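Beneath this line is the structure, given in structure tokens, with notes to follow.
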Amino acid sequence: MMDVVNESAVSDFVLLGLSKSWELQTFFFVVFSLLYVATMVGNSLIVITVIADSHLHFPMYFLLTNLSIIDMSLASFATPKMITDYLSGHKTIAFDGCITQIFFLHLFTGTEIILLMAMSFDRYIAICKPLHYASIISPQTCVALVGVSWVVGVMHSMSQVIFALTLPFCGPSEVDSFFCDLPVVFQLACVNTYVLGLFMISTSGIIALSCFILLFSSYVVVLVAIRNHSSKGTSKVFSTCTAHFIVVFMFFGPCIFIYMWPLSSFLIDKILSVFYTIFTPILNPVIYTLRNQEVKIAMRKLKNKLLNSNKATPLHYF
């Protein structure tokens, strides 16, 4: 049997992408380029608006700003490379680059999972215990929640990277996806994939499923708590919770499927991975922020301020 040194001789991986069809690749290039630009512009606008408007310096908007930052990061760890690969036709990635993608993917997804739970807790307190909101959800609490989310993200990501670095690779080196992640990479290792699959289920699948159940339960509690309120208020809260849950489901659903069944179809995994790496980062600002009346008012004020500033600036001719 080959020793570990020989088995780990793979230095590059080939990313097979979403399709081999030239027509589909052109379509994906256009669509994903537009989505990526929209994601970066939309989330950047939210961050700038919250920072510029003192009326939005509240705990909820602090959490939303951090969500936008994570979404921009999640959209950037692999999508730009995929877009440029469609142009260059060069779809290889170095082993170190592959490990780096695994690190950042699990860092940002792990952090976002905890942050979504923090935001759910924030909404629960605001709706169910409004009189105690200011004392429970203080600025210090929000900073602590964001800090915990990043610490958990780093710890989870490091566990995945350490695991990946211990795997021996001797070929093949074709990753049947548009980025590197453990469910597809570990199947290229020269070891028994059954044990590796159990590791994936225990470290990622069960965690994602447990967090999803907690989030779902929090939405149910909120809806039950407002059942005696006015129909108008109930309708508004129900609409908000439904929109939030759609985003949560689109983010958690693919993660749960991919990591609970790591030996499932590559085609299904590729389709699902698009949801939480490309679609969810652009949906979050729309669902969580741009539907918020206070944010829309702040954006209009910022736009008017910039327009008036440009009109007031004198032109100098030389």
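None of the values given here were measured: they were computed from a predicted structure. What you see below is based on every heavy atom in this structure, not just the backbone, and it leaves out hydrogens, waters and symmetry mates.
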Would you check if Glu112 and Asp71 make a side-chain contact, meaning some heavy-atom pair closer than 4.5 Å? yes
Answer yes or no: is there a side-chain heavy-atom contact under 4.5 Å between Leu15 and Asp176? no
Test item: Val175 and Val14 side chains (from C-beta on) under 4.5 Å apart, heavy atoms: no
Stepwise side-chain contact (heavy atoms from CB on, under 4.5 Å) test for Leu35 and Phe32: CA-CA 5 Å; Leu35 287 175; Phe32 293 153; 4.2 Å; yes
Can you tell me if Ser157 uses its side chain to pair, donor with acceptor, with the backbone of Gly153 under 3.5 Å? no
Sub-4.5 Å side-chain heavy-atom contact between Ile46 and Tyr61: no
Looking at CD1 of Ile256 and SG of Cys211, how far apart are the two atoms once the value is rounded to the nearest 0.5 Å? 9.0 Å
In this structure, would Met155 and Ile162 fall into the same cluster of hydrophobic residues linked by side-chain contacts under 4.5 Å? no
Can you establish whether the number of heavy atoms outside Phe249 located under 6.0 Å from its atom CZ is more than 12? no
Ignoring hydrogens and geometry, is there a side-chain-to-backbone donor-acceptor pair from Thr141 to Ile136 under 3.5 Å? yes
How far apart are the closest heavy atoms of Ala126 and Pro130, and which atoms are they? O-CB, 3.5 Å
Smallest separation among heavy atoms of Ser44 and Met72, with atom names: OG-SD, 3.3 Å
About how many Å separate CZ of Phe178 and CE of Met82, when rounded to the nearest 0.5 Å? 5.0 Å
Does Asn43 reach the main-chain N or O of Pro281 with its side chain, forming a donor-acceptor pair under 3.5 Å? yes
Hey, could you give me the CG/CG distance between Leu105 and Leu74, rounded to the nearest 0.5 Å? 7.0 Å
side-chain contact (heavy atoms from CB on, under 4.5 Å) between Leu16 and Lys91: does it pass, once the steps are laid out? CA-CA 7 Å; Leu16 298 183; Lys91 297 183 179 181; over 6 Å; no
Provide the closest heavy-atom pair for Ser33 versus Ile83 in the form atom of the first, atom of the second, distance. OG-CG2, 3.4 Å
Distance check, rounded to the nearest 0.5 Å: Phe28 atom CZ versus Asp85 atom CG? 14.5 Å
With distance as the sole test, does Asp53 use its side chain to make a donor-acceptor pair with the main-chain N or O of Thr49 at under 3.5 Å? no
Donor-acceptor pair between Ser120 and Ser218 side chains, under 3.5 angstrom: yes
Side chains of Phe62 and Pro139: does their closest heavy-atom pair fall under 4.5 Å? no
Can you pull the ring pair (Phe, Tyr, Trp, His ring centres under 6.0 Å) pairs that have at least one residue in residues 143-168, sequence neighbours excluded? His106-His156, Phe163-Phe199
Would you say the side chain of Ile99 lies within less than 4.5 Å of the side chain of Phe103, judging by non-hydrogen atoms? no
Same cluster (ILVMFWY, side-chain, under 4.5 Å), Tyr86 and Leu24: yes
Are any of the side-chain heavy atoms of Phe252 and Leu209 separated by less than 4.5 Å? no
Taking ring-ring contact (aromatic ring centres under 6.0 Å, His included) as the test, write out the residues that go with Tyr276, two or more places apart. none
Check step by step if side-chain contact (heavy atoms from CB on, under 4.5 Å) holds for Leu188 and Phe13. CA-CA 10 Å; Leu188 303 178; Phe13 292 102; 3.9 Å; yes
Taking Asp122 for the side chain and Ala118 for the main chain, is one N or O donor matched with an acceptor at less than 3.5 Å? no
Return the minimal non-hydrogen interatomic distance between Leu182 and Phe186, and the atom names on each side. O-CD2, 2.7 Å
Would you call Asp12 and Ser173 a side-chain contact if the rule is heavy atoms closer than 4.5 Å? no
Please evaluate residues Cys128 and Arg123 with respect to the criterion side-chain contact (heavy atoms from CB on, under 4.5 Å), reporting the C-alpha separation (whole Å), side-chain torsions for both, the decisive distance (0.1 Å), and the verdict. CA-CA 8 Å; Cys128 299; Arg123 291 300 82 202; over 6 Å; no
Any pair counted as ring pair (Phe, Tyr, Trp, His ring centres under 6.0 Å), so long as it reaches residues 107-148, sequence neighbours left out: Phe104-Phe108
If Ile, Leu, Val, Met, Phe, Trp and Tyr residues are connected whenever their side-chain heavy atoms lie under 4.5 Å apart, and connections chain through other members, are Leu67 and Leu145 in the same group? no
Could you tell me whether the side chain of Gln101 and the main chain of Phe179 form a donor-acceptor pair under 3.5 Å? no
Do Leu214 and Ile207 sit in one hydrophobic cluster, given that two such residues count as connected whenever their side-chain heavy atoms are within less than 4.5 Å of each other, even indirectly? no
Are the side chain of Ser138 and the backbone N or O of Ser135 linked by a donor-acceptor pair below 3.5 Å? no
Looking at OG1 of Thr280 and CZ of Phe275, how far apart are the two atoms once the value is rounded to the nearest 0.5 Å? 8.5 Å
Do Leu63 and Val143 sit in one hydrophobic cluster, given that two such residues count as connected whenever their side-chain heavy atoms are within less than 4.5 Å of each other, even indirectly? yes
To the nearest 0.5 angstrom, please state how far the OG atom of Ser149 sits from the CE atom of Met119. 11.0 Å
